[in-house]
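Structure first, commentary second.
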Amino acid sequence: TEEAKAKNILLPMALNDNKAGMEGLNRDKINKIIMESSKGSRFYENELKKEQQVNQRIERMMLQKAHITEQQLSKAQAQVEKMTSDLERGRDLSRVIVHVDMDAFYAAVETRDCPDLMDKPMAVGSMSMLSTSNYHARKFGVRAAMPGFIAKKLCPNLVIVPTNFDKYRAVSAEVREVFADYDPHFLPMSLDEAYLDISDHLEQRRGWPEALRTHRLHTNNTGTARVEDHGGLQETVEVEGLSPVLFENSPSSSPCLQDAAGGEVEVFGTCAEEAVREMRFRIEQKTSLTASAGIAPNMMLAKVCSDKNKPNGQYRLPSNRQAVIDFIQDLPVRKISGIGKVTEKMLGALGITSCSHLGQEMALLALLFSETSWHHFLHISMGLGSTHIERDGERKSMSTERTFGEMGALEEQFSLCKELCQDLAQDLQKEALKGKTVTLKLKNVNFEVKTRAWTLPCAVATTEELFAVAKDLLKTEIDNVSPQPLRLRLMGVRVSSFASADDKKPLQKSIVGFLHKKQTDSRTQTHTPKNTNTSAETDISMSALTASDKMTHEPSAHASTSSYCSTEPESGTDSLTCPVCFREVNTTELTVFNRHIDQCLSGVTMGQNNHTDTELEREITGGKREEGPKEKGSKLLSRANTLKVSSQSDPHVRVCLLSPGGPRPMTTPKPESRDHRGPALTCPVCQETQDTNDLTLFNRHVDLCLNQEVLHELGGLASVDRTTHTAPPAAHKGPCFRYVLFTE
DNA sequence: GGGGGAAGGACCA
DNA sequence: TTCCTGGTCCTTCCCCC
């Protein structure tokens with residue numbers, strides 16, 4: 001029906017009332033306001049597009065479902081049953097896992113420090129994005145991850161307080177001190193959330209005298225109070241003389257007793273619930289903030305439980321199988337951490353909304369989803385989850401990104417890129433990390449996100465190293481849409497594949513190392529002849545320097561040249577080995593060396609030379625793209641002739657030794673980008689005139705030709721190249737060649 | 001088939 | 001006028017053993 005259709009269209013922006021404190025709202029009214037504020041925006045259009053993609057995914061899934069036979073289903077059923085009984089045998093109910101979650105954390109901190117906010121709807125964040133809202137605001141439909149300007153429409157009196165992370169970090173540290181008393185190995189998930197395994201604590205606690213379970217309630221208004229720690233230590237806590245109770249509906253605490261000194265005191269029991277109640281009590285005494293908690297036999301269940309009596313409440317799921325099964329039955333799948341909007345919708349299309357449905361349809365799910373996915377579903381449907389808390393594993397990546405108003409100017413884009421690299425380099429330094437993969441993330445004004453990655457032969461960390469890669473990735477993307485500018489709203493840089501993760505890997509050889517004579521003792525550390533910091537014009541560099549450098553007026557080449565592999569070279573001899581003829585050239589003068597290689601190379605490319613183990617690189621540039629190329633020496637021209645490149649637009653073909661291949665455009669450039677570059681080009685390898693004068697396309701063609709032609713000649717050694725070479729970009733399969741200029 | 005890189009996404013706080 | 005940031009893991013596609 002029309003209505004159903006409309007509803008489907010409206011869905012992407014609809015209020016997500018999955019969060020606590022959002023029950024019984026006037027959803028229709030709220031959704032209407034959200035719609036009115038979003039409709040027609042680029043953001044909304046992109047959401048619609050994404051929604052369409054999900055719908056298509058569902059359609060494909062339903063089609064697949066229609067083709068499932070009875071036989072397949074019963075086979076899957078058998079598999080599921082086998083797996084189920086295996087899992088059942090391994091069910092571990094022995095641990096007591098707690099998930100603690102501070103209530104509306106950022107908002108609560110701000111309210112604590114500014115009591116005027118107490119009974120006002122407020123949120124923490126900015127006009128463009130909110131991090132949290134308090135429970136007053138939630139009544140209006142204002143929630144985390146909602147832009148402030150929309151929240152303001154839902155609730156005109158909303159007070160928006162800017163975030164103050166340093167403050168939250170400080171409070172979080174206090175809270176964590178309490179956590180540590182119950183589980184020194186607790187697992188923080190964020191500033192306001194953590195998992196604890198209190199099994200050991202409970203074991204000890206059973207033998208504790210009452211004194212250790214007695215905690216004083218401070219009720220004074222003087223500004224500080226003494227709180228007795230269960231270890232008998234005294235700690236001084238700042239209190240601001242305000243009611244610690246931020247939520248009116250706080251469940252009342254157990255009756256307070258008077259201690260000898262007349263102060264109010266509370267005694268906690270020895271069971272899990274009492275221990276957790278005590279922990280929450282202590283958090284509140286210490287910070288004036290409330291927390292909610294869930295107690296269950298595993299992490300997955302504990303997480304669901306902590307939400308059950310939010311705010312300022314707790315819920316325990318007993319450690320017996322039946323209780324777990326009962327608990328899971330009617331639980332909506334969306335409540336499980338890891339099942340988000342999309343998965344919920346996919347499952348919904350199959351009629352699955354609760355965890356019991358999930359169990360009933362497992363055979364079907366096993367056929368429609370990947371193994372990892374349906375295993376995950378099976379665990380959920382059985383109420384299984386992690387029973388031991390993994391202490392934080394090694395970090396996998398580090399990134400930094402920034403959103404800004406539309407940016408189209410190249411200078412700005414490159415300088416922002418550099419800034420991001422600087423920030424990231426700083427962060428990397430703090431943790432002494434180096435990574436091999438650098439990823440550039442771009443989001444255009446239409447909210448379309450792109451990531452472009454490049455993996456180097458060795459780990460990098462400095463600004464220059466990062467920027468050398470990021471800038472090339474960026475340039476490639478810019479070239480891709482040129483002559484239009486990239487209209488960006490976000491840029492980010494990420495580093496991954498950290499060296500520490502797989503230190504064991506043998507050192508990979510880069511070209512610079514390769515150039516040097518084989519070492520008998522690779523530890524001898526004399527430095528390489530200047531080739532790590534000379535300019536691109538005179539050196540074996542990553543590539544002739546890109547337009548980006550010229551645009552940003554960067555002193556050319558410093559970065560690309562030296563930083564590609566900062567740890568190399570590791571040799572120290574006075575001669576260099578020619579990668580073409582393998583003869584030692586008795587010089588460290590690159591000019592001399594280059595000349596030698598030039599001669600060798602002309603032979604190879606002409607097919608007169610059966611040299612092996614050569615990594616060639618190629619770069620073909622049109623004179624128009626790079627302004628005032630200085631590389632028009634006679635030598636170059638003669639090489640161009642040698643290679644039989646013909647183009648009236650006078651492209652230069654430059655041949656030299658490889659360096660790690662630079663990135664290439666991933667997407668086919670728009671056809672219209674052809675016409676402003678001059679006439680068609682002839683491939684120097686296959687000699688055929690290409691129906692393009694787009695250098696990107698042409699370049700790709702030549703790459704392919706070279707793969708076939710040259711590699712063929714080079715024979716088996718091509719494989720050596722591949723393994724020691726950085727991986728080529730996805731669109732360009734096969735070894736990545738690049739011509740780099742050699743001049744004197 | 002499996003491993004690994006690249007690109008894109010889902011999901012989380 | 002304004003729809004974040006920083007992380008992990010998964011999936012899909014591809015290439016290369």
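Atoms considered below: every heavy atom in the structure, side chains included; atoms not considered: hydrogens, waters and symmetry mates.
Pair check for C:dC14 finds B:dG4; Watson-Crick or G-U wobble, both atom distances under 3.5 Å. Across all strands shown, nothing is found opposite C:dT1 as a Watson-Crick or G-U wobble partner with both distances under 3.5 Å.
For the OP1/OP2 pair of C:dG6 and a distance below 4.0 Å, the side-chain nitrogens and oxygens of A:Thr400 include at least one atom meeting the criterion. In terms of phosphate contacts, A:Arg395 brings a side-chain nitrogen or oxygen within less than 4.0 Å of OP1 or OP2 of C:dG7. Between A:Thr403 and C:dT5, a side-chain N or O to OP1/OP2 separation shorter than 4.0 Å is present. Remark: A:Lys50 is not in phosphate contact with B:dG9, judged by side-chain N or O atoms under 4.0 Å from OP1 or OP2. Phosphate proximity of C:dT5 to A:Lys441: absent, as no side-chain N or O sits under 4.0 Å from OP1 or OP2. Under 4.0 angstrom from either OP1 or OP2 of B:dA10 there lies no side-chain N or O belonging to A:Thr343.
Nearer the 5' end of DNA chain B, as judged by each residue's closest nucleotide, is the contact made by A:Thr451, out of A:Ser337 and A:Thr451. Each of A:Phe149 and A:Leu490 has a nearest nucleotide on DNA chain C; the 5'-most of these lies closest to A:Phe149.
Out of B:dA10, C:dC4, C:dG7, the shortest distance to the side chain of A:Ser397 is found at C:dG7. Nearest to the side chain of A:Ala453, among C:dG7, B:dG8, B:dA6, sits B:dA6. Taking only side-chain atoms of A:Ala145, from C-beta outward, the nucleotide of C:dC4, B:dA6, B:dC12 with the closest atom is C:dC4. Checking C:dT8, C:dG7, B:dG8 against every side-chain atom of A:Arg452, the shortest atom distance belongs to B:dG8. Residue A:Lys450 places its side chain closer to B:dG8 than to any other of C:dT8, B:dA10, B:dG8.
Straight-line distance from the CZ atom of A:Phe447 to the C1' atom of C:dC4: 11 Å, rounded to whole Å. Across the protein-nucleic acid pair, A:Arg494 atom CZ and B:dG5 atom P stand 16 Å apart, rounded to whole Å. Taking atom CG of A:Leu442 as the reference point, atom C1' of B:dG8 lies 14 Å away to the nearest angstrom. When the P atom of B:dA7 is taken as reference, atom CG of A:Leu473 falls 8 Å away, rounded to whole Å. Taking atom CD of A:Glu401 as the reference point, atom C1' of C:dG7 lies 10 Å away to the nearest angstrom. The distance from atom CZ of A:Arg143 to atom P of B:dC12 is 11 Å, rounded to the nearest whole Å. Between A:Glu406 atom CD and C:dT1 atom P the separation is 16 Å, expressed in whole Å. Atom NE2 of A:His375 and atom P of C:dC9 are 19 Å apart (whole Å).
A:Lys443 comes within 4.0 angstrom of the backbone, heavy atoms only, and of no base. Among the atoms of the strands shown, only primed sugar atoms or phosphate atoms (P, OP1, OP2) are found under 4.0 Å from some heavy atom of A:Ile336. Contact annotation for A:Met146: no contact, since no heavy-atom pair falls under 4.0 Å across all strands. Here A:Met189 lies out of heavy-atom contact (under 4.0 Å) with every strand. Nucleic acid contact class of A:Ile150 (heavy atoms, under 4.0 Å, all strands): base. Contact annotation for A:Gln53: backbone-only contact, meaning every heavy-atom pair under 4.0 Å involves sugar-phosphate atoms and none involves a base.
Of all non-hydrogen atoms in A:Phe369 and A:Met346, the two that sit nearest each other are CE2-CE, 3.7 Å.
Once rounded to the nearest 0.5 Å, the distance linking CG of A:Leu191 with CZ of A:Arg176 reads 6.0 Å. With values rounded to the nearest 0.5 angstrom, A:Lys49 atom NZ is found 3.5 Å from A:Glu448 atom CD.
Ion pairing between A:Asp166 and A:Arg169 holds under the 4.0 Å rule for side-chain N and carboxylate O. A salt bridge does not link A:Lys443 with A:Glu401: none of the charged nitrogens is closer than 4.0 Å to a carboxylate oxygen.
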**OP:** Go through the steps to decide whether A:Phe179 and A:Val100 satisfy the test side chain to side chain contact (heavy atoms under 4.5 Å, CB included), and finish with yes or no.
**Re:** CA-CA 9 Å; A:Phe179 290 160; A:Val100 192; 3.7 Å; yes
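A:Lys167 NZ: more than 12 foreign heavy atoms inside a 6.0 Å radius. The number of heavy atoms from other shown groups lying within 6.0 Å of CD (A:Gln429) does not exceed 12.
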Close N or O pairs between protein and nucleotides 10-13 of chain C (under 3.5 Å):
unit_1	atom_1	unit_2	atom_2	d
C:dT11	OP1	A:Ser370	OG	2.2
C:dT11	OP1	A:Ser373	OG	2.7
C:dT11	OP2	A:Thr372	OG1	2.7

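The aromatic rings of A:His99 and A:Tyr195 are tilted relative to each other, their planes meeting at an angle between 30° and 60°.
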